[in-house]
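Structure first, then comments.
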Amino acid sequence: MTSTLLEIAYKALDDKKAEDIVVLNMEGVSLIADQFIISHANSERQVQAIAREVADKASEAGHIVKRIEGMDIARWVLVDLGDVVVHVFHRDERDYYNLEKLWGDAPLLDMAERNE
């Protein structure tokens, strides 16, 4: 079975112990991407490791990593994979920016259901 870009990114986050992973279906809500994945970690080093893992796994599967922003400060790292945009926050920043509320009209995707 070939994994989709969304599944590859989600698994990379999960494998690196990202916390509270949320997937928003942005189709029809935003032109930026089809899905946003939002998660957090407890330290800058872990934020960087998680973002790097997402980029590496996507590249290994043949997907293009368009850009990575925020790695130097590692309080909010954005990994732009095109149709999927991954946000890895430091725990403190996630509550402050609250993307889930900002994009509250975007439905949540249940990744557990997709993998059954």
Checklist entry - So do Ile37 and Leu6 actually touch side chain to side chain, heavy atoms under 4.5 Å? => result yes

Checklist entry - If every non-hydrogen atom of Lys57 is compared with every non-hydrogen atom of Ala12, which pair is closest and at what distance? => result CG-CB, 4.0 Å

Checklist entry - Going through the checks in order, is the side-chain contact (heavy atoms from CB on, under 4.5 Å) test met by Arg94 and Glu100? => result CA-CA 9 Å; Arg94 184 171 184 173; Glu100 292 96 322; 2.4 Å; yes

Item to check | Qualifying residue for side chain to side chain contact (heavy atoms under 4.5 Å, CB included) with Trp103, from Ile38, Val29, Asn25 | outcome: Val29

Checklist entry - What pair of heavy atoms forms the shortest contact from Val88 to Val47, and how long is it? => result O-CG1, 3.7 Å

Checklist entry - How many angstroms lie between atom CD1 of Ile32 and atom CG of Asp83, to the nearest 0.5 angstrom? => result 13.0 Å

Checklist entry - So how far is it from Asp105 CG to Met26 CE, rounded to the nearest 0.5 Å? => result 7.5 Å

Item to check | Rounded distance (nearest 0.5 Å) linking atom OH of Tyr10 with atom CE of Met111 | outcome: 6.5 Å

Checklist outcome for this item: Distance col, row His87:NE2 vs Leu24:CG, nearest 0.5 angstrom, shows 8.0 Å

Next on the checklist: If you count heavy atoms of other groups shown closer than 6.0 angstrom to CG of Leu31, is the number above 12?
Outcome noted: no

Checklist entry - Taking it one step at a time, do Glu27 and Gln35 satisfy side-chain contact (heavy atoms from CB on, under 4.5 Å)? => result CA-CA 7 Å; Glu27 294 179 39; Gln35 290 96 23; 3.5 Å; yes

Next on the checklist: Restricting to non-hydrogen atoms, name the atom on Ala58 and the atom on Val65 that form the minimum distance, rounded to 0.1 Å.
Outcome noted: CB-CG2, 4.4 Å

Next on the checklist: Testing the basics here: between Ala33 and Gly82, what is the closest heavy-atom pair and its distance to 0.1 Å?
Outcome noted: CB-O, 3.7 Å

Item to check | Separation between CZ of Arg67 and CG of Asp80, rounded to the nearest 0.5 Å | outcome: 4.5 Å

Item to check | Reported CD-to-CG distance for the pair Glu53 and Asp15, which is rounded to 0.5 angstrom | outcome: 6.5 Å

Checklist entry - Stepwise, does the side-chain contact (heavy atoms from CB on, under 4.5 Å) test hold for Glu19 with Asn42? => result CA-CA 9 Å; Glu19 296 187 28; Asn42 295 313; 2.8 Å; yes

Next on the checklist: When you compare the side chain of Arg75 with that of Asp92, does any pair of heavy atoms fall below 4.5 Å?
Outcome noted: yes

Checklist entry - Is the backbone N or O of Thr4 less than 3.5 Å from a side-chain atom of Glu7, with the two atoms forming a donor-acceptor pair by type? => result yes

Item to check | Cluster overlap Val86 with Ile68, hydrophobic side-chain contacts below 4.5 Å | outcome: yes

Checklist outcome for this item: From the list Val85, Val23, Val84, Val22, side chain to side chain contact (heavy atoms under 4.5 Å, CB included) partner of Phe36 resolves to Val85

Checklist entry - Do Ile8 and Leu81 have side chains that get closer than 4.5 Å, going by heavy atoms? => result no

Checklist entry - Do Arg52 and Lys16 have side-chain heavy atoms sitting under 4.5 Å apart? => result no

Item to check | Hydrophobic cluster membership, Tyr96 vs Val77, 4.5 Å side-chain cutoff | outcome: no

Checklist entry - So if you build clusters from Ile, Leu, Val, Met, Phe, Trp, Tyr with side-chain heavy-atom gaps below 4.5 Å, do Leu5 and Val79 land together? => result yes

Item to check | Evaluation steps, side-chain contact (heavy atoms from CB on, under 4.5 Å), between Gln46 and Lys17 | outcome: CA-CA 9 Å; Gln46 189 182 14; Lys17 307 296 187 233; 4.0 Å; yes

Checklist entry - In terms of hydrophobic clustering (I, L, V, M, F, W, Y; side-chain heavy atoms under 4.5 Å; direct or indirect links), are Leu78 and Ile50 co-clustered? => result no

